[in-house]
Amino acid sequence: MTYFSKRTKATATVLTVILFIIAGICACLTRLDFGYNGLFWVLTMAALVAMIQIAQRYLLAGYEYILDPEEDLLRYNRLTVIRIVGNRRTSLFTTPLASLTRVIPYRKNRKVQAEFGKVSARMDFSADLFPAESYLLFFESYGELTTVRLQCDAAFAEELTRRAGI
């Protein structure tokens, strides 16, 4: 079963444009003689770096979540996350579903830690900056709890739960 995360790009696009405008204004202010040229130069570089990071992560990339076919369920039974940028596909995360302990709708990190304990690692594989629907997957390995955030629908989350046997 394969699921492609749906991207809206609205928030990331607006934020990228705002950061571009801030970088342009700060770059213009470095040419004026206010005495704060170093500060404006640092703000210009910080806005450009943030703009590039957001554009690269949320505007250019998409994610594909792959569950192994039903025929291979006894042999592999794993989840693979692939990042798609243009025609290039890169495998980012592969794990067996045997270590999956629960799948819940997304909650803030403080609420998760209060309810389930300390999380040693968090990974976010959502295609939007603020997705409308996403799920947290809890994996337990070597006594440590890891969460993975996927931007998927309820049907895919139910299929993950069914295949993991929880």
Side-chain angles (χ1 to χ4, degrees), residues 1-20 47-166:
M1 178 177 193
T2 302
Y3 184 84
F4 291 96
S5 60
K6 296 169 183 64
R7 298 186 296 172
T8 57
K9 300 186 194 179
T11 307
T13 303
V14 169
L15 191 57
T16 303
V17 169
I18 289 171
L19 286 170
F20 184 74
L48 285 175
V49 167
M51 179 190 73
I52 290 170
Q53 290 290 326
I54 290 171
Q56 179 185 13
R57 167 74 168 83
Y58 295 106
L59 296 180
L60 300 177
Y63 290 95
E64 177 182 7
Y65 314 126
I66 300 173
L67 289 173
D68 287 331
E70 289 282 344
E71 305 86 51
D72 295 336
L73 198 58
L74 294 176
R75 199 167 33 168
Y76 296 118
N77 195 22
R78 62 187 174 198
L79 168 70
T80 304
V81 177
I82 295 177
R83 183 178 183 196
I84 303 169
V85 179
N87 291 330
R88 190 171 78 187
R89 298 164 47 93
T90 306
S91 178
L92 297 178
F93 179 76
T94 300
T95 188
L97 292 179
S99 61
L100 183 67
T101 58
R102 67 181 59 90
V103 178
I104 62 169
Y106 175 73
R107 297 181 196 155
K108 296 283 185 185
N109 189 36
R110 278 180 259 143
K111 292 180 182 178
V112 168
Q113 284 190 355
E115 190 172 341
F116 301 109
K118 184 177 184 289
V119 177
S120 63
R122 294 176 302 174
M123 292 175 259
D124 187 357
F125 299 119
S126 54
D128 285 334
L129 193 58
F130 302 111
E133 181 180 24
S134 64
Y135 289 87
L136 281 177
L137 282 60
F138 289 82
F139 293 96
E140 179 106 16
S141 60
Y142 302 112
E144 294 185 350
L145 190 63
T146 302
T147 61
V148 175
R149 182 179 181 185
L150 298 181
Q151 182 181 344
C152 61
D153 59 0
F156 190 78
E158 288 174 12
E159 183 68 16
L160 274 169
T161 306
R162 184 186 71 79
R163 288 198 185 183
I166 46 178

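The figures here come from the full heavy-atom set of this structure, side chains too, leaving out hydrogens, waters and symmetry mates.
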Show me the donor-acceptor pairs, under 3.5 Å and distance only, between side chains in residues 84-91 and residues at least two apart or in other chains.
unit_1: R89; atom_1: NH1; unit_2: E64; atom_2: OE1; d: 2.5
unit_1: R89; atom_1: NH2; unit_2: E64; atom_2: OE1; d: 3.0

Do F125 and F93 have ring centroids that are under 6.0 Å from one another?
->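 Yes, they do, as the ring centres are separated by less than 6.0 Å.
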Euclidean distance, [Y] [atom2] relative to [X] [atom1], rounded to 0.5 Å:
X: F4; Y: I66; atom1: CZ; atom2: CD1; answer: 7.5 Å
X: L150; Y: D124; atom1: CG; atom2: CG; answer: 9.0 Å
X: L100; Y: F139; atom1: CG; atom2: CZ; answer: 4.5 Å

Under the side chain to side chain contact (heavy atoms under 4.5 Å, CB included) criterion, do L67 and T2 qualify, and how do the steps go?
-> CA-CA 6 Å; L67 289 173; T2 302; over 6 Å; no
Pairs touching residues 48-61 that satisfy side-chain hydrogen bond (donor to acceptor under 3.5 Å, both in side chains), sequence neighbours left out | R57-Y63
Kindly state each residue pair satisfying side-chain hydrogen bond (donor to acceptor under 3.5 Å, both in side chains) with at least one member in residues 147-159, sequence neighbours excluded.
->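 Passing the test, one end in residues 147-159: D128-Q151, S134-R149, E159-R162, E159-R163.
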Side-chain touch V112/L136, heavy atoms, less than 4.5 angstrom | yes
Would you call T94 and L79 a side-chain contact if the rule is heavy atoms closer than 4.5 Å?
-> no
Decide yes or no on side chain to side chain donor-acceptor pair (under 3.5 Å) for Y142 and E140, but give the supporting numbers first.
-> CA-CA 7 Å; Y142 302 112; E140 179 106 16; over 6 Å; no
Please report, to 0.1 Å, the donor-acceptor pairs under 3.5 Å made by any side chain of residues 114-122, with sequence neighbours excluded.
unit_1: E115; atom_1: OE1; unit_2: R107; atom_2: NH1; d: 2.5
unit_1: E115; atom_1: OE2; unit_2: R107; atom_2: NH1; d: 3.4
unit_1: S120; atom_1: OG; unit_2: L145; atom_2: O; d: 3.0

Over all heavy atoms of both residues, which pair between [X] and [Y] is shortest? Give the atoms and the distance, please.
X: C152; Y: A157; result: SG-N, 4.3 Å
X: E133; Y: Y135; result: OE2-OH, 3.2 Å
X: T95; Y: S99; result: OG1-OG, 3.8 Å

Between L59 and T16, is a side chain to side chain contact (heavy atoms under 4.5 Å, CB included) present by the stated rule, with each step listed?
-> CA-CA 9 Å; L59 296 180; T16 303; 3.7 Å; yes
Hits for ring pair (Phe, Tyr, Trp, His ring centres under 6.0 Å) against F156, two or more places apart or cross-chain, chain-then-number order -> Y3
With sequence neighbours excluded, residues passing side-chain hydrogen bond (donor to acceptor under 3.5 Å, both in side chains) with N109 = none
Stepwise, does the side chain to side chain contact (heavy atoms under 4.5 Å, CB included) test hold for L160 with L97?
-> CA-CA 8 Å; L160 274 169; L97 292 179; 3.9 Å; yes
